[in-house]
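Whatever order the structure lists them in is the order used to number ligands and atoms, beginning at 1.
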Amino acid sequence: MNTVPQLDGRKVLVTGAGQGVGRGLALAFAGAGAHVLVNDLRAERSEQVVEEIRAAGGASSSVPFDVTDYGAVAGAVAEHGGVDILVNNAGNAGADGFGDRSRFADSDPADWDMFLRVNLYGVLHCTRAVLPSMIAGRWGRVLTIVSDAARTGDAGGAVYGAAKAGAAGLTRSLAIENGRFNITANNISLGTMRTPLTEPLWAEQADSPQAKAILQNYAIRRPGLPEDVTNLALLLGSDQGAWITGQTICVNGGYSFAL
Ligand SMILES: NC(=O)c1ccc[n+]([C@@H]2O[C@H](COP(=O)([O-])OP(=O)(O)OC[C@H]3O[C@@H](n4cnc5c(N)ncnc54)[C@H](O)[C@@H]3O)[C@@H](O)[C@H]2O)c1
């Protein structure tokens, strides 16, 4: 019996894979034998990751598009003949990186769309585009990267959390509707990571009051790294994950309010 996820012959689309968690996932799926379609809004980032994968002997193509544009998403998926595994990773916590941490009562309704369009509509678009070929092929995996902001709430990140919670809810319905086709759908809920998105928090400021206050709620007192996420994603994306569906699994260093 083979217990190590083998993804030879599988095609995986990882959105927002030009850096951070998505890049880590793209490299890991390629290492397990999948052909990785590396998406990013910024073509120079996806091309760079494709080069890294190819240099390591893997198979990969760059598919730059904006997940908020359904026509672009559907066109890219059709051009590549569908995908077997979708990793909805593209996300934003603000217009520029970590973003404005204002409370909901002070938020401007004009700013809500930038969270909803990427973190919720982006997931709806990509999932809608890939499902028909998964159903036709009677096999598929949909992984959606959400956030503890969606599970526990996040003071200063209410709209982001609402968008991620919407994406997490979609996953549960997908699992119910598509299980009969051997399609699973799961969420991976992340705690605070060290990626380019949050780098300003950690770079030369790891001892800052803000960084210390964040880590106080983590049993394991460090931010997560992309490689903390990859083995779970490979399991959920493989045949070995066939009976795990509709779940939200935390990769969060034991994040808890109670600490
Ligand atoms: N970093 C954290 O602390 C943290 C915590 C919880 C959840 N998450 C989630 O994990 C995922 C990855 O986060 P990260 O820290 O690696 O992010 P990141 O900002 O470092 O990288 C995200 C990538 O997505 C791309 N992207 C943004 N909008 C896009 C769009 N519309 N279409 C296509 N690509 C787009 C960006 O260009 C970027 O390369 C996101 O969904 C994020 O919400 C992150």
Side-chain angles (χ1 to χ4, degrees), residues 13-28 37-50 62-73 76-77 86-99 101 113-126 129 143-154 156-157 159-168 171 187-203 210-211 214-215 217-218 222-230 232-233 248-253 255:
L13 169 63
V14 186
T15 66
Q19 65 176 31
V21 173
R23 171 180 167 275
L25 292 172
L27 295 174
L37 304 180
V38 179
N39 160 260
D40 206 279
L41 184 59
R42 296 177 53 173
E44 74 280 8
R45 290 187 183 170
S46 54
E47 282 160 15
Q48 170 69 34
V49 174
V50 167
S62 171
V63 286
F65 57 75
D66 182 341
V67 297
T68 70
D69 177 349
Y70 182 68
V73 173
V77 169
L86 168 66
V87 184
N88 285 310
N89 167 80
N92 69 355
D96 187 19
F98 207 42
R101 304 286 300 161
D113 245 17
M114 75 182 159
F115 298 104
L116 294 167
R117 281 167 56 79
V118 179
N119 297 290
L120 178 54
Y121 270 90
V123 173
L124 292 167
H125 291 159
C126 294
L143 311 188
T144 300
I145 306 296
V146 298
S147 165
D148 278 352
R151 289 186 321 111
T152 62
D154 178 21
V159 182
Y160 169 73
K164 290 290 195 193
T171 293
N187 301 312
I188 297 179
S189 179
L190 301 181
T192 302
M193 308 293 291
R194 182 169 188 160
T195 67
L197 177 72
T198 54
E199 191 59 21
L201 257 179
W202 312 112
Q210 193 193 5
I214 288 172
L215 291 184
N217 291 320
Y218 287 83
R222 65 165 175 82
L225 297 169
E227 49 269 37
D228 291 317
V229 189
T230 49
L232 174 62
T248 297
I249 302 173
C250 297
V251 177
N252 66 2
Y255 175 79

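Residue Thr192 approaches ligand 1 through these ligand atoms, each under 4.0 Å from one of its heavy atoms: 3 (O). Taking a cut-off of under 4.0 Å to the non-hydrogen atoms of Pro196, the atoms of ligand 1 that pass are 20 (O). The atoms of ligand 1 that sit less than 4.0 Å from any heavy atom of Asn89 are 11 (C), 12 (C), 40 (C), 41 (O). Contact atoms of ligand 1 toward Val146: 7 (C) (distance under 4.0 Å to a heavy atom of the residue).
When every heavy atom of Pro223 is checked against every heavy atom of Met193, the shortest pair comes out as CB-C, 4.0 Å. Scanning all heavy atoms of the two residues, the minimum distance from Asn39 to Val63 falls at ND2-O, 3.0 Å.
Proximity of Arg117 to ligand 1, defined as any heavy-atom pair under 4.0 Å, is not found for any part of the residue. Contact annotation for Asp66 and ligand 1: heavy atoms of both the backbone and the side chain come within less than 4.0 Å of the ligand. By the criterion of a heavy-atom distance under 4.0 Å, the backbone of Phe65, and not its side chain, is placed next to ligand 1. Residue-level proximity to ligand 1 for Thr198 is carried by the side chain, the only part with a heavy atom below 4.0 angstrom.
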Working for side chain to side chain donor-acceptor pair (under 3.5 Å), residues Asn187 and Ser189: CA-CA 6 Å; Asn187 301 312; Ser189 179; over 6 Å; no
Side chain to side chain donor-acceptor pair (under 3.5 Å) between Ser46 and Asp40, worked out: CA-CA 5 Å; Ser46 54; Asp40 206 279; over 6 Å; no
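Atom 17 (O) of ligand 1 has its nearest heavy-atom neighbour, among Val14, Val118, Leu197, in Leu197. Between atom 16 (O) of ligand 1 and the options Val21, Val73, Thr15, the minimum heavy-atom separation is to Val21. Summarising the contacts of atom 5 (C) of ligand 1 with Gly191, Ser147, Pro226, the nearest heavy atom is found in Gly191. With atom 18 (P) of ligand 1 as the reference point, the heavy atom nearest to it among Glu199, Gln19, Arg45 is part of Gln19. Across the listed options Val49, Asn39, Asp40, Asp40 owns the non-hydrogen atom lying nearest to atom 25 (C) of ligand 1.
Taking any N or O of Asn92, backbone or side chain, none lies under 3.5 Å from an N or O belonging to ligand 1. Where the criterion is an N or O separation shorter than 3.5 Å, residue side chain and backbone included, Lys164 meets it with respect to ligand 1. Here's the thing with Gly20: none of its N/O atoms is less than 3.5 angstrom from an N/O atom of ligand 1. Backbone and side-chain nitrogen or oxygen atoms of Leu41 are examined, and one is located within less than 3.5 angstrom of a nitrogen or oxygen of ligand 1. Residue-to-ligand polar distances place Val67 within reach of ligand 1: an N/O pair is separated by less than 3.5 Å.
Using a 4.0 Å heavy-atom cutoff, Arg194 is absent from the residues neighbouring ligand 1.
The aromatic rings of Tyr160 and Phe115 sit perpendicular, their planes meeting at an angle over 60°, well past the 30° parallel limit.
Side chains of Val118 and Val67 form a contact here, defined as non-hydrogen atoms less than 4.5 Å apart.
Surrounding CZ of Arg151 are more than 12 heavy atoms belonging to other residues, nucleotides or ligands, all under 6.0 Å away.
Checked by atom type and distance alone, the side chain of Thr15 pairs as donor or acceptor with a backbone atom of Asn89 at under 3.5 Å.
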